[in-house]
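Whatever order the structure lists ligands and atoms in, that order sets their numbers, starting from 1. What you are looking at is a predicted structure, and each value in this text was computed from that prediction instead of being measured. Throughout, residue positions are numbered sequentially from 1 according to the sequence presented.
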Amino acid sequence: MIEAFNLLEKTFIDLKIQYDQKTLLKFETYMQLVLEWNQKVNLTSITNEKEFVIKHFVDSILCAELPALADAKSIIDIGTGAGFPGIPLALIYPETHFVLMDSVNKKLIIVKEILTKLELKNVSLIHGRAEDFGHQNQHRECYDICVSRAVARLQVLSEYCLPFVKKEGHFIAYKGRDVEQEIADSLKGIDILGGRIDKISPFNINDLGMGHQIIYIKKVSDTPEKYPRKAGTPQKDPL
Ligand code: SAM
């Protein structure tokens, strides 16, 4: 196992995440599978293993600092791509049910194969757009937590994600370094959609070139029926 896995282990310990050798091996297998598939289908631009562990694995699990993560019964990941952050979280929370959604089926077919190889039974997949599924009774305001990374600006992402979250639940947005303007632009929309920014956590992992922020948005009231608007509208005409 490469050295960067020590950093993953350190993150587990720092965040009080329970793990064993089997968990670490599953992370390693997951990385190998994504890198193998990546030679045929473009899943990630990160091919260096150390960088992969840091930017995909450590980054994905940082939100475990929020106590609500360990208590969540259901978590949805919008725009999961090759499974980030959903699969790393599903590996550390085997008792939680995860739903991974993406609008590109080609990626989900690969994710399905990966889940089978990892023997991960707490994950289901949905092919579709957040704007459509956010109106379905079996998904709307049904999840304790919605996570999403690298999918859209916060202003747009809030309209994709907040409709899935139960009252008192959380929408967790993974963002880069400079988010002040993005946050300022999204405050009105978050309020309309029933959310309230609870906390912004900066994470700096020195010498690894990662300066990320996690934005925690609490669902404080129901999302009005008309949101999300039809597919494509949140992006064209952000709230
Ligand atoms: N979350 C992954 C990560 O951090 O590596 C993938 C990020 S990738 C840049 C963005 C993904 O979001 C793509 O796979 C895309 O198909 C998906 N996506 C974009 N808009 C979407 C929408 N409205 N509903 C569902 N998936 C969407």
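The heavy atom nearest to atom 5 (O) of ligand 1, considering only Gln235, Met101, Arg149, is found in Arg149. Within the set Gly232, Cys161, Gly79, Ala150, the minimum heavy-atom distance to atom 6 (C) of ligand 1 is found for Gly79. Nearest to atom 14 (O) of ligand 1 by heavy atom, out of Val156, Asp102, Val104, is Asp102.
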Donor-acceptor pairs are to be reported for all side-chain atoms of residues 67-79 against protein atoms at under 3.5 Å, with residues two or more places apart or in another chain.
unit_1 : atom_1 : unit_2 : atom_2 : d
Ser74  : OG     : Asp144 : N      : 3.4
Asp77  : OD2    : Thr80  : OG1    : 2.7
Asp77  : OD2    : Gly86  : N      : 2.9

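A salt bridge links Lys175 to Glu182: one of the charged nitrogens lies within less than 4.0 Å of a carboxylate oxygen. With salt bridges taken as basic N to acidic carboxylate O contacts below 4.0 Å, one links Glu168 and Lys218.
Atom 26 (N) of ligand 1 has as its closest protein heavy atom Ser103 N, 3.3 Å. For atom 23 (N) of ligand 1, the closest non-hydrogen atom on the protein side is Glu131 OE1, 2.9 Å. Scanning the protein heavy atoms around atom 24 (N) of ligand 1, the nearest turns out to be Ala130 N, 3.0 Å. Nearest to atom 19 (C) of ligand 1 among the protein's heavy atoms is Val151 CG1, 3.8 Å.
Counting heavy atoms closer than 4.0 Å to ligand 1, residue Tyr174 contributes nothing at all. The part of Thr80 lying near ligand 1 is the backbone, judged by heavy-atom distances below 4.0 Å.
Note on Ile172 and Val123: same hydrophobic cluster, where clusters join Ile, Leu, Val, Met, Phe, Trp and Tyr whose side-chain heavy atoms are under 4.5 Å apart, directly or indirectly.
Proximity to Lys107 (heavy-atom distance under 4.0 Å) selects the following atoms of ligand 1: 13 (C), 14 (O).
Note: His139 and Phe164 have perpendicular aromatic rings, judged against thresholds of 30 and 60 degrees for the angle between ring planes. Between Phe84 and Phe57, the two ring planes are tilted [angle within 30° to 60°].
Here Lys26 contributes atom NZ and Ile92 contributes atom CD1; the two are 14.0 Å apart, rounded to the nearest 0.5 Å. Rounded to the nearest 0.5 angstrom, Ile215 CD1 and His170 NE2 are separated by 13.5 Å.
Between Gly128 and ligand 1 there is a heavy-atom distance shorter than 4.0 Å.
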